[in-house]
*Asks:* 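This is the structure I want to talk about, given as structure tokens.
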Amino acid sequence: MKKHLRNLIIQALNSLVQDGVLPESTSRNVVLERTRDRAHGDFASAIALTLAKFANCKPQKLAEHILTALPKSERVDKIEIAGPGFINFFLATTAYNAVVRDIFDRGDKFGHSQIGAGQRAQVEFVSANPTGPLHVGHGRGAAYGATVANLLDAVGYHVEREYYINNAGRQMNILAISVWLRYLEHCGERLRFPTSGYRGEYVRTIAAQIYADQGGAYILPAARVFYSIPQDEVLDEHGNILVNGDKEAHVDALVHRSQALLGELRYRSIFNLSLKAILDDIQDDLQDFGIIYEKWYSEQTLAESGAVDQTIKGLRNAGYIYEMDGALWFRSSAFGDEKDRVIKRENGQNTYFASDIAYHLEKFQRGFDLVIDIWGADHHGYIPRVKAALQALGENTDRLSVLLVQFAILYRNGQRVPMSTRSGDFVTLRELRKEVGNDAARFFYVMRKSEQHLDFDLDLAKSQSKDNPVYYIQYAHARISTLLERAGKIDLSEIQTADLIHEEKEIIKLLTQFPLTIHEAASGYSPAIVATYIYDLVKNYNHFYQAVKILSEENAANNNLRLALSECVRRTIHPSLMVLGVQAPMKM
RNA sequence: GCCCCGGUAGCUCAGUUGGAUAGAGCGCACCCCUCCUAAGGGUGAGGUCACAGGUUCAAUUCCUGUUCGGGGCACCA
């Protein structure tokens, strides 16, 4: 429809150029928009305002010229000039018929398009270190990433969802010794748990499980483990320093000592059991949350394949590697990063950055047209160096989009729920899902723009009332479903849209916007647009529902129209909720 | 100090590549079920779009500066 009107205006402009009213160079980029106010018709164009100075006359005068030059169209009822020179189009109500029929023809693919057809997109999200269960912050990344992937899928991309498992670095070693130390405690050894160790309760659980499965095979006296290890930093419960020490050196020394005492085989065993326990938990958690990955990509495998060393060699060949203070540096400042970055540490270990470069290079080599990373907002400083490395390796970073997700803050009884990473005192994703349910969690996580901090109201998410947008929308879907079930078959040939009431027109207008909404949400990576849209549609449906009788309507044409509209709304709610990862119940 | 994100109604937020009278939900004040799910609907009050400049016929929207809030500036991830 918009296209149709745009063509009309372009034709008018062409003839005005011929008449010499407008110069030859006039732009044919016609802007049309839906009106906000009903009095302004259905569509409006500010074209006369934009072009007035080229025509050398007042906008209103130009608008009149355009109006006379506009070809007639049976789909337009009335055209007016208003305000400073807007041209308002009022659609013929018969144009609405086509909309309803079109939605029925599209089946369950209404709103979907093929804009991305033939293109491959990869979305990498969550990718939390497997050092503990997912918490509510990861949850937002999970819901957001899954929805962005669904949106790209809806507009025709071939999408691959991927989780990058950071299972090779120092943090994993710290996890392994944390588990082992808890295991020793479990077996009666007394020790002071390191400040930089993983202190969560889950570590004890894994340790106890290892003991239950394998008995005392890993027991060693704690005194031997801690003998002449550098002093740890000791804090009290308020974070004040009680004993000055180097907690990182302390924990690194413990890792070394553990590897020496346990031997390669037993150390690997603890390491792998810990990793498996946590990764299993993460995978279950995400699957229960309705998130399916095509690929779980292991950093370990990447490192073992030699890809990381290969990548460093590539950077060296390109001339961007130098040595300083015993470490290897990447000259990222040559590509706009604020300083150079270490890629191999003095102790010979690669930094995480090194494997991240190799991983991204590998992603590029897999040939995706679109590579999307979803990170927490606190990682934003990391973007320039990753892009720098890819550029140094000769890649075009336009294919890479890094999307940042701000934190979610939980509120219960109007109070902020305290969360501190120290002491491992955070709310897990699993706890949140258990408390509010998957549907509410998925919806609440994405209903705000991702770059916006999210105030997550737990009480609202749990409430079964109209105040809760998830229930409001699901309820409408259920209500329509039962309504249509009672009504039986809809006779589309009986539909006529000659005299629609206001509520009906509003619904149809909104329905026509749905494909565009999905497109905008997909191209802008903004699931919140869908959430806002669907809420708005449901609200309008409720107005309509309140205004008319549907089942008891005697006039067959009206009856069929209203049923058809209900069905159209249902066919819009359904795919929207699917994209958002929320159930669309038939009954409630 | 530098970098990223944000500042719109009492609260939480929308606001479509700059457009006509800036919207919604909650909260507040009233009101509506002989009727398909009241898990719903209606009416009203409530705004210096953080502030100051600039670009434009037109700025909440774009640019610059200021200010406030969040986050980041490691041989941690």
Side-chain angles (χ1 to χ4, degrees), chain A residues 29 31 33-37 39-40 44-46 48-50 52-53 58-59 82-86 88 127-129 131 166 169-172 174 196 248 324-329 337-339 341-353 356 376-384 404-407 409 411 414 447-457 460 463-469 471-472 474-476 478-484 486-487 513 516-517 520 524 526 528-529 531-533 535-536 539 541-553 562 566 587-588:
Chain A
N29 184 14
V31 176
E33 49 190 36
R34 277 186 199 78
T35 51
R36 271 184 264 181
D37 190 331
H40 301 145
S45 177
L49 280 74
T50 332
K53 66 179 143 195
K58 289 207 161 128
F86 289 99
N88 294 336
S127 299
N129 284 340
T131 53
N166 281 283
R170 172 172 177 262
Q171 296 304 320
M172 285 309 300
I174 296 176
S196 286
E248 303 308 328
M324 189 174 81
D325 302 333
L328 275 192
W329 295 70
D337 194 11
E338 53 191 29
K339 54 171 284 197
R341 309 291 172 177
V342 170
I343 207 163
K344 191 190 272 279
R345 298 202 274 160
E346 197 180 353
N347 66 11
Q349 272 196 333
N350 289 333
T351 56
Y352 278 79
F353 180 42
D356 281 344
D378 53 336
H379 285 60
H380 93 267
Y382 211 73
I383 300 172
L404 300 176
V405 179
Q406 291 284 348
F407 299 123
I409 301 160
Y411 285 83
M447 73 180 176
R448 301 292 178 227
K449 288 188 297 195
S450 57
E451 63 264 33
Q452 187 91 256
H453 287 255
L454 174 69
D455 285 330
F456 194 123
D457 184 335
L460 182 61
S463 86
Q464 308 211 337
S465 77
K466 64 167 178 169
D467 302 345
N468 181 347
Y471 278 87
Y472 186 72
Q474 288 183 316
Y475 174 67
R479 175 194 257 172
I480 296 172
S481 298
T482 45
L483 179 79
L484 291 170
R486 282 196 208 186
Q513 282 174 243
L516 187 68
T517 301
E520 275 176 5
S526 298
I529 293 178
T532 309
Y533 168 83
Y535 181 82
D536 200 36
K539 190 178 62 179
Y541 182 78
N542 281 335
H543 292 177
F544 159 77
Y545 183 87
Q546 194 77 12
V548 301
K549 290 275 101 194
I550 301 174
L551 290 181
S552 57
E553 170 63 45
R562 288 168 189 172
S566 300
K587 258 193 181 68
M588 282 173 81

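Chain identifiers are assigned alphabetically (A, B, ...) following the order of the sequence lines, protein sequences preceding nucleic acid strands; residue numbering begins at 1 within each chain. Remember, predicted model here, so these are calculated numbers, not experimental data.
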*Asks:* List the atom pairs, with distances to 0.1 Å, where a side-chain N or O of residues 543-550 of chain A and a protein N or O form a donor-acceptor pair under 3.5 Å, not counting sequence neighbours.
*Replies:*
none

*Asks:* Not counting sequence neighbours, which residues clear side-chain hydrogen bond (donor to acceptor under 3.5 Å, both in side chains) with Gln464(A)? List them please.
*Replies:* Tyr471(A)

*Asks:* Among rA24(B), rA38(B), rC57(B), which nucleotide sits nearest the side chain of Tyr535(A)?
*Replies:* rA24(B)

*Asks:* Using a heavy-atom cut-off of under 4.0 Å over every strand shown, decide if Ala82(A) touches base, sugar-phosphate, or nothing.
*Replies:* base

*Asks:* Could you list the residues that satisfy side-chain hydrogen bond (donor to acceptor under 3.5 Å, both in side chains) with Glu248(A), not counting sequence neighbours?
*Replies:*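 Expected list: Arg170(A), Ser196(A).
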
*Asks:* With a cut-off of less than 4.0 Å, is there a side-chain N or O of Arg448(A) near OP1 or OP2 of rA14(B)?
*Replies:*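 For Arg448(A), the contact criterion (side-chain N or O under 4.0 Å from OP1 or OP2 of rA14(B)) is not met.
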
*Asks:* Nearest to the side chain of Lys449(A), heavy atoms from C-beta on, is which of rG19(B), rG15(B), rC36(B)?
*Replies:*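 Out of rG19(B), rG15(B), rC36(B), the nucleotide with an atom closest to Lys449(A)'s side chain is rG15(B).
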
*Asks:* Give me, pair by pair, the N or O atoms of the protein and of nucleotides 69-74 of chain B that are less than 3.5 Å apart, along with how far apart they are.
*Replies:*
unit_1: rG70(B); atom_1: O2'; unit_2: His453(A); atom_2: NE2; d: 3.3
unit_1: rG71(B); atom_1: N2; unit_2: His380(A); atom_2: ND1; d: 3.4
unit_1: rG71(B); atom_1: N2; unit_2: His380(A); atom_2: NE2; d: 3.3
unit_1: rC73(B); atom_1: O2'; unit_2: Glu338(A); atom_2: OE2; d: 2.7

*Asks:* For rG41(B), does either OP1 or OP2 sit under 4.0 Å from a side-chain N or O belonging to Asn542(A)?
*Replies:*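 Yes.
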
*Asks:* Can you check whether any acceptor in the base of rA20(B) is under 3.5 Å from a donor in the side chain of Asn88(A), or vice versa?
*Replies:* yes

*Asks:* Please list, chain by chain and in numerical order, all residues satisfying side-chain contact (heavy atoms from CB on, under 4.5 Å) with Ala327(A), sequence neighbours excluded.
*Replies:* Trp329(A), Val342(A)

*Asks:* For Tyr352(A), what residues pass the ring-ring contact (aromatic ring centres under 6.0 Å, His included) criterion, not counting sequence neighbours?
*Replies:* none

*Asks:* Can you find a side chain N or O atom of Tyr472(A) that sits less than 4.0 Å from OP1 or OP2 on rA24(B)?
*Replies:*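 Answer no for this pair, as no side-chain N or O of Tyr472(A) is under 4.0 Å from OP1 or OP2.
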
*Asks:* So if I take every side-chain heavy atom of Lys549(A) and compare against rG19(B), rA77(B), rC36(B), which nucleotide ends up nearest?
*Replies:*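 Side chain of Lys549(A) sits closest to rC36(B).
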
*Asks:* The side chain of Leu551(A) is closest to which nucleotide in this list: rA24(B), rC13(B), rC36(B)?
*Replies:*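 Nucleotide nearest to Leu551(A)'s side chain: rC36(B).
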
